[in-house]
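Before any comments, here is the structure.
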Amino acid sequence: MSGEEKSAPSNFIRQVIDQDLASGRHSLIHTRFPPEPNGYLHIGHAKSIVLNFGIAQDYRGLCNLRFDDTNPHKENIEFVQSIQNDVRWLGFDWDDRLFFASDYFERLYQFAIELIEKGKAFVCELDNERMREYRGTLKEPGRNSPYRDRSIAENLDLFQRMRAGEFPDGARVLRARIDMASPNINLRDPVLYRIRHGVVHHQTGAAWCLYPMYDYTHPISDALEGITHSLCTLEFEDHRPFYDWVLDNISIGCHPRQIEFSRLNLEYTVMSKRKLTQLVSEGYVQGWDDPRMPTLAGLRRRGFTPGAIREFCHRIGVTKSDNRVEMGVLESCIREDLDARAERRMAVLRPLRVVIENFPSDQTLTLDLANHPKDETLGARKIAMGREIFIDQADFAEVAPNKQWKRLVTGGEVRLRGSYVIKCEAVIRNDQGEIVELRCSYDPATLGANPEGRKVKGVIHWVCAATGVKAEVRLYDRLFTHPTPDAVSGSEFTDLINPASLEILTDCRVEAALADAAPEVHYQFEREGYFTRDAKAPGLVFNRTLSLRDSWAKLEQQSKP
RNA sequence: UGGGGCGUGGCCAAGUGGUUAAGGCACCGGAUUUUGAUUCCGGCAUUCGUAGGUUCGACUCCUACCGCCCCAGCCA
């Protein structure tokens, strides 16, 4: 990680930690990032990763990576691997502290026995539907299960037999014995264990047919690892009394403090794992690492950098208020990072052939172009120029559409970036009347010098026709057409997918230096945006990370209606 | 009158009884520019959900009201 990176700003959680340090309650801060391996990590997880690992870094403490793998039904090994990749890519390291909640299954079981022995847990035979009835509603208290007052001996026996596999799925659960009249539904004798036969757990195989619930597993896992501050999202706030209840009722010498913060919501995308899974499984995108996805794998393939994502997490802050962050914040982070680091190249996305008539047909010129306008340490490269070149169709108009236009027009002049000033002498059309070629002349006195007696304001990019290379370019736009696709009444979020979220350009020309570009190397294609070579596609394919800021497009947009 | 949270500019977000109410993004000018990029300079909340109250003094304390979010999985 770069040493000059701005440090994370403070927030209310860091203030709590400061107090706990000042009061002597703790001397070493220990956090954890506890994903469930049931999907790929997304940018909302990045907020939590940066928070947890960032705190450990800044306070010289520790942060564990722990998989919350208590529901083998939804989890798999592909996800445990992708999660580790993504956390590392983001720039964090857990040393030897990789844990699984399933590491603790035996101890969890023993703690459950302790609860039973203390009369704090019981085996319940109510089926799903019955249990819901007995739970009551938000406004009405629940009723005690008829199995609630079984003897300790009977509970012990039954629980042991549950583990031994004597009962089918759903026939028995172990429940905490707290208070069916609690106004907090999470305290109405919550389920601790359920029976799941026939699933192979990615870590424990077929060793168990009994699986603990998250609410029971999490506080114990935290305590076993000596976590001091257990940071989670707001929806677990109601669960905190149970988190504390568990640790107060078993023999464990550690009681981490749970602190809740609000999840990240980003405009024009969705963040729920259920919805992301649906986008993948129903083929709306091409996989978890589709460059349009808000997953870390997708952002990576799109060309986002770990540093930009970390910076984004710093900028959005950590609070308890509901939020929906504008895409502009993320875009600003990546532009700032890439502007400083990306080498410049030229690429013509929609080519228009230009023949420079007074340029000798047998001659090729070699030009030197700086790789970066401000950072000379990035060096320079050679570019060939011949009699025929390509420019972008958008850089030519027969007549200027308005007085601000500074690109090429018939009879007008522009500067070719790093090269000469050319003048458009004639337009060649095909049978359909479409412009297919421009005939131009160049002014030999304008290489590295301004022309005599006139001003040429426009500068356009170009690629040499003889030496340029053909490439495919994929332009990405927001995945949804609505800023809150998951909150539009009357619409399913999949109805709001942007049909133009991917545009594939197959006839682009890029300068020769780009022919062997490596994936994950970031380039700025001058006047277009930031691009990186796709890591998966065969052939020369570039993904547009994002465009440059475009005040011209804004101006055009404004002058339209 | 079920419980738990949250309300500071378009979007995030500092602020913890005495500050001209930080900062970032966005936006609007203007300068520089062989990228309509970058950079630079300037502008952008007489007011903190609303209404009362306490106080010499309130975004910060109290009361009431309004709005929004979460909870009734053998999911996490």
Side-chain angles (χ1 to χ4, degrees), chain A residues 9-11 15 34-36 38 68 70-71 73-75 124 126-128 131-133 135-142 169-175 182-188 190-196 211 213-215 217-218 232-241 260 262 264 267 273-274 314-333 335-336 339-340 344 346 369 372-374 404-407 414-419 421 446 448-450 456-461 483 524-529 547-556:
Chain A
S10 189
N11 55 52
Q15 288 176 5
E36 184 190 12
N38 67 344
D68 236 321
T70 56
N71 187 0
H73 217 79
K74 295 185 172 177
E75 302 156 5
C124 185
L126 253 24
D127 65 27
N128 226 307
M131 199 179 307
R132 195 187 327 122
E133 288 166 19
R135 188 154 36 229
T137 68
L138 294 178
K139 292 185 180 176
E140 298 151 18
D169 287 13
R172 304 271 191 297
V173 293
L174 183 73
R175 291 227 259 167
S182 173
N184 182 346
I185 289 183
N186 298 294
L187 261 21
R188 318 240 262 229
V191 171
L192 268 24
Y193 273 92
R194 75 286 215 183
I195 298 170
R196 288 284 178 275
Y211 289 95
M213 299 288 289
Y214 164 86
D215 278 332
T217 308
H218 206 81
C232 63
T233 43
L234 245 34
E235 67 272 23
F236 293 106
E237 207 151 19
D238 288 344
H239 299 230
R240 191 172 65 229
E260 310 84 12
S262 52
L264 166 67
E267 283 189 345
K273 244 191 255 183
R274 201 212 99 223
H314 293 162
R315 288 189 193 181
I316 59 176
V318 178
T319 68
K320 298 187 70 154
S321 31
D322 290 328
N323 60 79
R324 188 140 223 141
V325 176
E326 292 174 346
M327 268 299 177
V329 181
L330 216 208
E331 291 173 349
S332 159
C333 293
R335 284 200 180 103
E336 181 177 296
D339 175 62
R344 312 289 124 125
M346 290 201 286
L369 264 80
H372 192 105
K374 288 182 183 167
Q404 283 107 155
W405 178 265
K406 11 191 257 196
R407 280 114 96 147
V414 270
R415 155 87 55 191
L416 295 177
R417 180 95 233 246
S419 180
V421 168
T446 55
N450 286 128
V456 174
K457 279 208 311 198
V459 180
I460 64 173
H461 56 96
Q524 184 197 100
F525 290 177
E526 294 213 42
R527 301 207 311 131
E528 289 290 355
S547 66
L548 257 27
R549 253 191 211 96
D550 192 352
S551 56
W552 168 250
K554 196 183 289 179
L555 201 155
E556 270 186 315

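Numbered from 1 within each chain, the chains take letters A, B, ... in sequence-line order.
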request  = With the side chain counted from C-beta on, respond yes when A/Pro34 and A/His218 share a heavy-atom pair under 4.5 Å apart, and no when they do not.
outcome  =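 In contact.
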query = Do A/Pro483 and A/Arg324 have side chains that get closer than 4.5 Å, going by heavy atoms?
reply =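 Heavy-atom side-chain distance check fails, nothing below 4.5 Å.
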Would you measure the distance from the [atom1] atom in [N] across to the matching atom in [M] and give it in whole Å?
{"N": "B/rA26", "M": "B/rC40", "atom1": "P", "value": "13 Å"}
{"N": "B/rA58", "M": "B/rG49", "atom1": "P", "value": "15 Å"}
{"N": "B/rU33", "M": "B/rU38", "atom1": "C1'", "value": "9 Å"}
{"N": "B/rA14", "M": "B/rG29", "atom1": "C1'", "value": "27 Å"}
{"N": "B/rA31", "M": "B/rU47", "atom1": "P", "value": "34 Å"}
{"N": "B/rU60", "M": "B/rG52", "atom1": "P", "value": "14 Å"}
{"N": "B/rC61", "M": "B/rG30", "atom1": "P", "value": "44 Å"}

key: Comparing A/Glu528 and A/Ser10 on RNA chain B - which has the more 5′ nearest nucleotide   =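 Whichever sits nearer the 5' end wins; that is A/Ser10.
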key: 5′-ward residue of the pair A/Glu267/A/Lys406 relative to RNA chain B   =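 It is A/Glu267 whose nearest nucleotide is closer to the 5' end.
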For [N], give its Watson-Crick or G-U wobble partner with both distances under 3.5 Å, or none.
{"N": "B/rG67", "value": "B/rC6"}
{"N": "B/rC61", "value": "B/rG53"}
{"N": "B/rC27", "value": "B/rG43"}
{"N": "B/rA72", "value": "none"}
{"N": "B/rU16", "value": "none"}

N/O donor-acceptor pair, side chain A/Arg527 with base B/rU35, under 3.5 angstrom =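 Under the 3.5 Å cut-off, the side chain and the base do not form any donor-acceptor pair.
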query = Is any side-chain N or O of A/Arg240 under 3.5 Å from a base N or O of B/rG4, one able to act as donor and the other as acceptor?
reply =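 By the distance-only test, no, there is no pair.
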Below 3.5 Å between N/O atoms, which protein atoms pair up with nucleotides 26-28 of chain B? Just atom names and distances, please.
residue, atom, partner, partner atom, Å
B/rA26, OP1, A/Arg549, NH2, 2.7
B/rC27, OP1, A/Lys554, NZ, 2.9
B/rC28, OP1, A/Gln558, NE2, 3.4

Excluding sequence neighbours, so at least two apart, what forms side chain to side chain contact (heavy atoms under 4.5 Å, CB included) with [X]?
{"X": "A/Lys320", "answer": "A/Phe12, A/Leu234, A/Glu237, A/Glu260"}
{"X": "A/Lys74", "answer": "A/Glu36, A/Asn38, A/Asn71"}
{"X": "A/Leu548", "answer": "A/Gln524, A/Tyr530"}

ask   = What's the closest nucleotide to the A/Lys374 side chain, out of B/rG4, B/rU38, B/rG24?
value =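 Of B/rG4, B/rU38, B/rG24, B/rU38 is nearest to the side chain of A/Lys374.
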key: Under 4.0 Å protein heavy-atom contacts per nucleotide of nucleotides 68-76 of chain B, with B for base, S for backbone only and - for none   = -SBBBSBSB
key: B/rG73, syn or anti by chi within 90 degrees of zero   =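 Syn, angle within 90° of zero.
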Where do N or O atoms of nucleotides 15-17 of chain B meet protein N or O atoms at under 3.5 Å, pair by pair?
residue, atom, partner, partner atom, Å
B/rG15, OP1, A/Gln15, NE2, 2.9
B/rU16, O4, A/Gln15, OE1, 2.4
B/rU16, O4, A/Gln15, NE2, 3.0

